[in-house]
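Predicted model, so just to flag it, every value in this text is computed and none were measured. Below, each value reflects all heavy atoms present in this structure, side chains not excepted, and no hydrogens, waters or symmetry copies. Numbers restart at 1 for each chain; the letters A, B, ... are given by sequence-line order, proteins then strands.
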2 protein chains.
Amino acid sequence: MAATKVGGKGMEANFHAGSDSSFCKPTCLPEQCATCNVRHLSICGALEEDELGALASITSFVELTGRDPITAEGEAADYLFNVTRGAVELYKLLPDGRRQITGFLFAGDFLGIALNDSYAYSAEAVGGVSLCRFPRKKLEGLLDRFPKLERRLLNVASNELVQAQDQMLLLGRKTAKEKVCSFLVRLSDRAGERGDDPNTIYVPMSRSDIGDYLGLTTETVSRNFTQLKTTGVIRLLEGGMVHIPDLGTLRDLTEES
Amino acid sequence: MAATKVGGKGMEANFHAGSDSSFCKPTCLPEQCATCNVRHLSICGALEEDELGALASITSFVELTGRDPITAEGEAADYLFNVTRGAVELYKLLPDGRRQITGFLFAGDFLGIALNDSYAYSAEAVGGVSLCRFPRKKLEGLLDRFPKLERRLLNVASNELVQAQDQMLLLGRKTAKEKVCSFLVRLSDRAGERGDDPNTIYVPMSRSDIGDYLGLTTETVSRNFTQLKTTGVIRLLEGGMVHIPDLGTLRDLTEES
DNA sequence: CGGCCGGTTGACAATGGTCAACAAGCGTGG
DNA sequence: CCACGCTTGTTGACCATTGTCAACCGGCCG
């Protein structure tokens, strides 16, 4: 796949405008929305069925693979996104290449709150990802029409800020072991929220991604994983799955309230 | 001064409701708003003069000294605030007492975006502070009436998220020296934005506060300050003032783009 | 088959933390 | 007015956690 950014001019072949869906009245939803299983989780959930058409009409549907870039830090923020499948990582770089991943996004998450005209971070796909892409100007126009949508965005921003505070506490004050355990607990909590088994979590990201998220090196992450493994707190399964026999034990190691 | 929180039941003697200002029509602004010099910077700036009365009517004006608490992490978020004078610090604690300061607020800043029913962090005054206090429910009511206000809050949240990303990069990936220099540069930038001299900045917080903000110990902060002092990058003046002869040199030490 | 990538492990180093002593400033109370 | 104690900041000696560098393993893909 080409390494063109989704926000840029390329990849036009990779997505289809919502209005493309042939003989469909404006109020009729494109197939992607009709079958979307994270609609109630995402910002779309703020709108009623009959209002959703307006949002859908400005939406393009994007499919990504591998490590396709989505946004680049500092670039004009012309598009905002909804993740409907897969995982996305957000990161910032220092000039010498040091990287800090500021967050992972999953299905239902919104990408593009943290910006003032230009993106505050780069975003790239981790494996297969589906996105809804909204032109920023047009989305802002919809905010005027649907205050409910704006309220929802404010809630999203609020929640992201709460998460950001937690992450600052983790980065600034937790030990390597506490960081790794907190990370696993968070993935487990999210799995639970999605209705998945919180004791068997999917960890799609590499050790180096985890390190860059927790402010550690890959080696330290790896060492802590093996230590948790040998002490029986976790079991590493096939395909990036991790089994946690006793969440209480793991949670005790995070030092969280 | 009593250690009662401003969000709680105490301190009623310390503030005056905006509507107290005697024979004043609802549209007439209380003295505090009329003379407020950060109105255009704060969320109030989103409203026209004639709309401000509605906001003022739900506002209480609070004066704090010393280390008075404003909010406590986990507590019901019944009030939101505007800082109109002084400095406020926001922090989170681990059960064993480790502390992470997630941000400092100054005049014009809004306090209370990062919440979902309960405050995500504790907030306390650093020295003398003046606040405008809004009951959350009533403020939310105003958001329905004034979409401009909601838009402004979304912008505030957006900016805070951008800052939070920067702080994560700092906490996770910068060295002690880079952290301290970044901190000074930020204070200098803010001084410049306020129209103050960016070469002579006011650092009102203690070494321990700075350490808890940067994920360092007081000793490491102190050592880095003296190193910057002996290499001539900064000069420590009276009353917490710091002189920076050459901002370029300092900026080079932050490793920022 | 061979090279590359991701993960693991080991030896060692260094950044930053811990512990302790000390100085300066400041308010309190004799 | 001075002595005292408390807090804050500074500095030093030492140490530990985590980073660095390197080797190695296994899987995957060309």
task = Could you give me the CA-CA distance, side-chain angles and deciding distance for B:Phe183 and B:Thr254, then say whether side chain to side chain contact (heavy atoms under 4.5 Å, CB included) is met?
result = CA-CA 9 Å; B:Phe183 173 70; B:Thr254 65; over 6 Å; no
Is the closest basic N to carboxylate O distance between [X] and [Y] below 4.0 Å?
X: A:Asp212; Y: B:Arg173; result: yes
X: B:Lys174; Y: B:Glu256; result: yes
X: B:Glu219; Y: B:Arg207; result: no
X: A:Arg251; Y: A:Asp246; result: no

State which residues pass side chain to side chain donor-acceptor pair (under 3.5 Å) with [X]; sequence neighbours excluded, sorted by chain then number.
X: B:Asp252; answer: none
X: A:Arg67; answer: A:Glu89, A:Glu124, A:Asp209
X: B:Arg98; answer: A:Glu178, B:Asp96
X: B:Thr218; answer: none

query = For the rings on B:Phe134 and B:Tyr79, is their centre-to-centre separation under 6.0 Å?
reply = no
task = Measure centre to centre between the rings of B:Tyr121 and B:Tyr91, then say whether the value is under 6.0 Å.
result = no
message = How would you summarise protein contacts on nucleotides 12-19 of chain D per nucleotide, using B for base, S for sugar-phosphate only and - for none, with heavy-atom distances below 4.0 Å?
response = BB----SS
Check the interface with nucleotides 5-9 of chain D: list each N/O to N/O pair with the protein under 3.5 Å, or write none.
| unit_1 | atom_1 | unit_2 | atom_2 | d |
| --- | --- | --- | --- | --- |
| D:dG9 | OP1 | B:Arg207 | N | 3.4 |
| D:dG9 | OP2 | B:Arg207 | N | 3.2 |

request  = Taking side chain to side chain contact (heavy atoms under 4.5 Å, CB included) as the test, write out the residues that go with B:Leu105, two or more places apart.
outcome  = B:Val83, B:Val88, B:Leu90, B:Asp109, B:Leu111
request  = Quick one: list whatever passes ring pair (Phe, Tyr, Trp, His ring centres under 6.0 Å) with A:Phe106, sequence neighbours left out.
outcome  = none
inquiry  = Does anything in residues 192-212 of chain A form a ring pair (Phe, Tyr, Trp, His ring centres under 6.0 Å)? List the pairs, not counting sequence neighbours.
reply    = none
key: Leading and trailing nucleotides of DNA chain C with any atom under 4.0 Å from heavy atoms of chain B   = C:dG16 to C:dC19
task = Taking only heavy atoms on the protein side, list every residue of residues 233-244 of chain B lying under 4.0 Å from any atom of DNA chain C, sorted numerically.
result = none
B:Lys92 side chain reached by A:Gln165 side chain, heavy atoms, under 4.5 Å = yes
note = Axis-to-axis angle for the helix from C:dC1-D:dG30 to C:dG30-D:dC1, ends of five pairs each, to 10°, equals 30°
